[in-house]
Engineer: 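Here it is: the structure, laid out below.
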Amino acid sequence: MNNFDVAKTIEPRWRTLPRAFYRRDPRVVAPELLNKVLLRDDGRAGRIVEVEAYCGLEDPAAHSYRGLTRRNAVMFGPGGHLYVYFTYGMHWCANAVCGDVGNGVGVLFRAIEPIGNIEAMRVARGGPTRDRDIGSGPARLAQALGITGALDGADLVRNDRGVRIADDGTPPPADAIAGPRIGISKAVDHPWRWHVPAHGHVSRRPSRSAG
DNA sequence: GGTAAGATCAGC
DNA sequence: CTGATCTTACCA
């Protein structure tokens, strides 16, 4: 059985996360998203192994910090939708919007472990790539899953655009690692990044202090 | 209208 | 470590 078959066979049993899951503080939702499955309707699927919380008006590193704009509008909507943004002139990245209308909070997907239709993801990534390079980074996983601005605002609960998040029965790790977020220049000290311990598919190894 | 920075990645 | 590449947001 190849990976595509795995997704086709098991997917129907997976339970799509309900709206209530998202309507909470992103610092609560983020660690609970670990080991959940982010998937497309073509069978492409990845287990979420690394996430970061962004906390709206109280978080200088969040896109929503300075209030509603055209780009971050989806973040200020109700939880359970996908917020997709374009950055560095070439990369798409995706978040699960959390909280309630007006909060502007969400969780950035930083790494997935490919588990379904892996060959389609490899192709989407542009050629021969090691499995660990398919989804180990926010822009990499978005490219692997075919997530672009066309999916900004997609409803992860209703699955209105072929993207959703499901629970396949794997619980979140009891010993998730928390630490500072990556690639930001403000609010760098908040430990709002979580990942599955000792997992080969996280975007970076935990940084050792220089000293 | 001009510009600096950006929730990144691939290749040296 | 650095270049790529362009949108966004902010200032004037």
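In what follows, every chain begins at residue 1, and chains take the letters A, B, ... in the order their sequences are listed.
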Engineer: Let me know, please, whether A:Arg125 or A:Lys186 comes out on the 5' side of the other along DNA chain B by nearest nucleotide.
Structural biologist: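 Its nucleotide being nearer the 5' end, the pick is A:Lys186.
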Engineer: Below the 4.0 Å mark, does B:dG6 have OP1 or OP2 next to a side-chain nitrogen or oxygen of A:Ser185?
Structural biologist: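 Result: yes.
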Engineer: Compute both the distance and the angle, then confirm whether A:Arg19 meets the cation-pi test with A:Tyr22: under 6.0 Å from the six-membered ring centre, within 45 degrees of the axis.
Structural biologist: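 Relative to the ring axis of A:Tyr22, which defines the angle, A:Arg19 lies outside at least one limit.
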Engineer: Starting at atom CD of A:Gln143, determine the distance to atom C1' of B:dT8, rounded to an integer number of angstrom.
Structural biologist: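 So the CD-C1' distance, A:Gln143 to B:dT8, works out to 11 Å.
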Engineer: What is the 5' to 3' range of DNA chain C, first to last nucleotide, that sits under 4.0 Å from any heavy atom of chain A?
Structural biologist: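 First-to-last contact on DNA chain C, by the 4.0 Å heavy-atom rule, is C:dA4 to C:dC10.
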Engineer: Classify A:Leu108 by what it touches in the nucleic acid, base, sugar-phosphate, or nothing, heavy-atom distance under 4.0 Å.
Structural biologist: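 The residue A:Leu108 makes base contact.
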Engineer: Take the protein atom NE2 of A:His91 and the nucleotide atom P of B:dA10, then report the distance between them rounded to whole Å.
Structural biologist: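 Atom NE2 in A:His91 sits about 7 Å away from atom P in B:dA10.
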Engineer: Any cation-pi pair here, A:Arg181 with A:Tyr54, using under 6.0 Å and within 45°?
Structural biologist: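 Yes, cation above the ring, under 6.0 Å and within 45°.
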Engineer: So, applying side-chain hydrogen bond (donor to acceptor under 3.5 Å, both in side chains) with A:Arg164, which one of A:Thr16, A:Asp41, A:Asp155 is it?
Structural biologist: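 The passing option is A:Thr16.
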Engineer: Can you check the A:Arg181 CZ to B:dT8 P distance for me, whole Å?
Structural biologist: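 Value for this atom pair: 11 Å.
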Engineer: Can you check the A:Trp92 CH2 to B:dC9 P distance for me, whole Å?
Structural biologist: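 So the two atoms are 15 Å apart, to the nearest Å.
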Engineer: Any residue in residues 48-83 of chain A with a heavy atom nearer than 4.0 angstrom to DNA chain C? Just list them by number, or reply none.
Structural biologist: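 The stretch gives A:Arg66, A:Thr69, A:Arg71 as the residues lying under 4.0 Å from the strand, ordered by number.
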Engineer: According to the Watson-Crick and G-U wobble definitions, with both distances under 3.5 Å, which nucleotide is paired to B:dA7?
Structural biologist: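 The base-pairing partner of B:dA7, which may sit in any strand shown, does not exist here.
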Engineer: Expressed as a whole number of angstroms, how long is the span from A:Trp192:CH2 to B:dA7:C1'?
Structural biologist: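 After rounding, the reported distance stands at 14 Å.
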Engineer: For A:Phe86, which contact category applies under a 4.0 Å heavy-atom criterion: base, sugar-phosphate, or nothing?
Structural biologist: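 The answer is sugar-phosphate, as A:Phe86 gets under 4.0 Å only of primed atoms, P, OP1 or OP2.
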Engineer: Do the rings of A:His63 and A:Tyr83 sit parallel, tilted or perpendicular, given the 30° and 60° boundaries?
Structural biologist: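 Rings of A:His63 and A:Tyr83: perpendicular, as their planes differ by over 60°.
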Engineer: Can you classify the ring geometry of A:His199 versus A:His201 as parallel (below 30°), tilted (30 to 60°) or perpendicular (above 60°)?
Structural biologist: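 Ring orientation of A:His199 relative to A:His201: perpendicular.
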